[in-house]
Amino acid sequence: MLNPLPENVEPTRATLHAYAHAVGAIPRAHGIHHPRWWHISLKPTVHGLTTDPVRTPDGHVSIRMNFADHEIHLDRSGMTALVVPMDDGLTATEVGNQLIDAVGLDDRYDRDRFTNDDERPYDRDAAAALWSVFNATALIFRDHNDEIGGEQSPVQVWPHGFDMATEWFGTKMQEYEEHGEIQTLPAQLNLGFYPGGRAYFYSNPWPFDAAALLGNELPHGAEWNTEGWEGSILYLDQVAGHADSSDKIRQYARAVFDIASPTLLA
């Protein structure tokens with residue numbers, strides 16, 4: 001079951017988002033590049049979020065945002081080299097600089113991505129509640145992926161948005177323009193959770209075939225969205241707190257997949 005997020009969660013969520021920017025600076029600078037940028041994401045584990053291992057001259061480095069002890073751990077070759085408490089009020093700038101100093105590699109970091117000197121409140125209970133939803137969501141998304149099969153991304157949290165998502169890839173190839181050049185990517189359907197504001201789940205096919213999608217009803221109060229972005233949305237507060245909340249999210253995800261996936265196949 002997924003519980004509702006507490007009303008006071010936003011300041012802590014914003015702190016975690018800011019710290020995720022700082023943590024993500026390390027794999028962005030030194031990680032093995034993945035063409036879909038999976039190397040910069042944070043992967044959910046039992047106790048929190050972790051980067052992929054980053055190779056350094058002194059061994060491998062990984063960074064964990066640990067919600068069991070509310071600390072950021074920088075591990076080098078399996079040994080803890082730095083511990084940064086998340087409830088000490090450190091700014092994102094301070095956290096990022098500590099991590100960079102501990103890694104000890106040349107300065108190839110885009111510090112503008114995490115530099116922020118705002119105050120960073122942190123409530124342990126709010127953080128634990130947020131992590132509980134993230135952890136349950138990761139399990140739901142993995143179950144969904146096991147059920148639908150096909151080519152997929154891992155379940156991951158993106159530092160720039162602090163949303164959890166996974167992608168399913170269709171067989172249709174789609175052209176799009178980026179920086180004045182024509183690129184080609186496989187059509188895809190994401191499934192995600194965004195915890196900010198009125199927290200919500202989303203599942204967005206790309207490309208979005210409005211004619212084929214918008215006439216189809218979605219379960220449990222989910223709706224199609226075309227304002228600002230194109231896809232579907234199910235608010236956490238529409239399902240949280242009920243014994244069958246996890247089942248409802250699975251049913252929502254499967255309904256969107258069944259409707260959208262035929263539009264993404266060659």
J.: Report yes if the side chains of Thr166 and Gln156 come closer than 4.5 Å at any heavy-atom pair, otherwise no.
T.: no
J.: Please test His39 against His33 for side chain to side chain contact (heavy atoms under 4.5 Å, CB included), starting from the C-alpha separation and ending with a verdict.
T.: CA-CA 6 Å; His39 64 289; His33 180 77; 3.2 Å; yes
J.: Determine, stepwise, if the pair Asp237 / Arg198 fulfils salt bridge (charged side-chain N to carboxylate O under 4.0 Å, His left out).
T.: CA-CA 8 Å; Asp237 60 24; Arg198 186 183 178 191; 2.9 Å; yes
J.: So, Trp168 side chain and Gln188 main chain: donor-acceptor pair closer than 3.5 Å or not?
T.: no
J.: Once rounded to the nearest 0.5 Å, what's the spacing between atom CZ of Phe134 and atom CE of Met164?
T.: 5.5 Å
J.: Can Ile26 be reached from Leu74 by stepping across I, L, V, M, F, W or Y side chains whose heavy atoms are under 4.5 Å apart?
T.: yes
J.: Heavy-atom distance under 4.5 Å between the side chains of Thr12 and Pro121, does that happen here?
T.: no
J.: Linking I/L/V/M/F/W/Y whenever their side-chain heavy atoms sit closer than 4.5 Å, directly or via other members, would Phe257 and Phe208 fall into one cluster?
T.: yes
J.: Counting distance only, does the side-chain N/O of Trp131 pair as donor-acceptor with the main-chain N or O of Asn66 below 3.5 Å?
T.: no
J.: Assess whether side chain to side chain contact (heavy atoms under 4.5 Å, CB included) is satisfied between His144 and Leu191, documenting all intermediate values.
T.: CA-CA 10 Å; His144 173 74; Leu191 173 63; 3.6 Å; yes
J.: Give the cluster check for Leu236 versus Leu218: same hydrophobic cluster or not, with ILVMFWY residues linked at side-chain heavy-atom distances below 4.5 Å.
T.: yes
J.: Mind telling me whether Phe193 and Phe201 have parallel, tilted or perpendicular rings, with 30° and 60° as the class edges?
T.: tilted
J.: Within the side chain of Asp88, is there an N or O that forms a donor-acceptor pair under 3.5 Å with the backbone of Val84?
T.: no
J.: Give a yes or no on whether the backbone of Asn190 and the side-chain of Ser203 come within a donor-acceptor separation of less than 3.5 Å.
T.: yes
J.: What heavy-atom pair brings Gly59 and Ser77 nearest, and what distance separates the two atoms?
T.: CA-OG, 3.4 Å
J.: How long is the gap from CG on Asp209 to CG on Leu264, to the nearest 0.5 Å?
T.: 9.0 Å
J.: Quick one: do Tyr200 and Leu213 end up in the same hydrophobic cluster if we chain Ile, Leu, Val, Met, Phe, Trp and Tyr together by side-chain heavy atoms under 4.5 Å apart?
T.: no
J.: Are a donor atom and an acceptor atom from the side chains of Tyr252 and Ser232 found within less than 3.5 Å of each other?
T.: yes
J.: State, to 0.1 Å, how close Thr93 and Asn116 come at their nearest heavy-atom pair, and which atoms those are.
T.: OG1-N, 2.7 Å
J.: Quick one, Met1 with Asn3, criterion side chain to side chain contact (heavy atoms under 4.5 Å, CB included). Give me CA distance, side-chain angles, the key distance, then yes/no.
T.: CA-CA 6 Å; Met1 182 179 77; Asn3 292 315; 3.1 Å; yes
J.: So Leu99 and Leu82, do their side chains get closer than 4.5 Å, heavy atoms only?
T.: yes
J.: Once rounded to the nearest 0.5 Å, what's the spacing between atom NE2 of His73 and atom OG of Ser62?
T.: 11.0 Å
J.: Indicate yes or no for a side-chain donor-acceptor contact from Gln152 to the backbone of Gly149 under 3.5 Å, with no hydrogens or angles considered.
T.: yes
J.: Do any N or O atoms from the side chain of Thr50 and from the backbone of Lys43 form a donor-acceptor pair under 3.5 angstrom?
T.: no
J.: Grab the two heavy atoms, one from Thr171 and one from Ala266, that are nearest each other, plus how far apart they are.
T.: OG1-N, 2.8 Å
J.: With a 4.5 Å heavy-atom cut-off, do Arg142 and Val155 have their side chains touching?
T.: yes
J.: Would you find more than 12 non-hydrogen atoms of other residues, nucleotides or ligands less than 6.0 Å from Arg124 atom CZ?
T.: yes
J.: Checking side chain to side chain contact (heavy atoms under 4.5 Å, CB included) against Phe67, which of Leu16, Leu130, Val46, Asn135 comes through?
T.: Leu16
J.: State the CG-OG distance between Leu139 and Ser246, to the nearest 0.5 angstrom.
T.: 8.5 Å
J.: For a quick test of reading the model, state the closest non-hydrogen atom pair linking Leu234 to Gln238 and the distance between them.
T.: CD1-OE1, 3.6 Å
J.: Any non-hydrogen side-chain atom of Leu42 less than 4.5 Å from a side-chain atom of Met65?
T.: yes
J.: Is any side-chain heavy atom of Asp69 closer than 4.5 Å to a side-chain heavy atom of His47?
T.: no
J.: Aromatic ring centroids of Tyr122 and His70 under 6.0 Å?
T.: yes
J.: Taking the ring of Phe162 and the ring of Tyr19, is the distance between their centroids below 6.0 Å?
T.: no
J.: Mind checking whether Trp158 and Ile40 have side chains closer than 4.5 Å, heavy atoms only?
T.: yes
J.: Check whether any side-chain N or O of Ser41 sits under 3.5 Å from a backbone N or O of Trp37 as a donor-acceptor pair, and report yes or no.
T.: no
J.: State, with a plain yes or no, whether a side-chain heavy atom of Leu189 is found less than 4.5 Å away from one of Trp206.
T.: no
J.: If you apply the rule side chain to side chain contact (heavy atoms under 4.5 Å, CB included), what do you find for Ile140 with Leu2, and how did you get there?
T.: CA-CA 10 Å; Ile140 293 168; Leu2 279 79; 3.6 Å; yes
J.: Considering residues, nucleotides and ligands other than Met173, do more than 12 of their heavy atoms fall under 6.0 Å from its CE?
T.: yes
J.: Just how far is it from atom CE of Met79 to atom CZ of Arg76, taken to the nearest 0.5 Å?
T.: 12.0 Å
J.: Check whether any side-chain N or O of Ser245 sits under 3.5 Å from a backbone N or O of Gly241 as a donor-acceptor pair, and report yes or no.
T.: no
J.: Does atom CD (Glu217) have a neighbourhood of more than 12 heavy atoms from anything else shown, all under 6.0 Å?
T.: no
J.: Counting only heavy atoms not in Ile32 (residues, nucleotides, ligands), do more than 12 fall under 6.0 Å from its CD1?
T.: no
J.: Is there a donor-acceptor contact under 3.5 Å linking the side chains of Tyr202 and Asp163?
T.: yes
J.: Taking Glu151 for the side chain and Phe169 for the main chain, is one N or O donor matched with an acceptor at less than 3.5 Å?
T.: no
J.: Any chance the side chains of His220 and Gln251 put a donor and an acceptor closer than 3.5 Å?
T.: yes
J.: When hydrophobic residues are tied together by side-chain contacts of less than 4.5 Å, even through go-betweens, does Met86 share a cluster with Phe114?
T.: yes
J.: Could you measure the distance from the OG1 atom of Thr184 to the CD atom of Gln174? Nearest 0.5 Å is fine.
T.: 9.0 Å
J.: Judged by atom type as modelled, is there a donor-acceptor pair below 3.5 Å linking the side chain of Thr91 to the main-chain atoms of Asp118?
T.: no
J.: Answer with yes or no after comparing the ring centroid distance for His30 and Tyr109 against a 6.0 Å cut-off, counting only values under it.
T.: yes
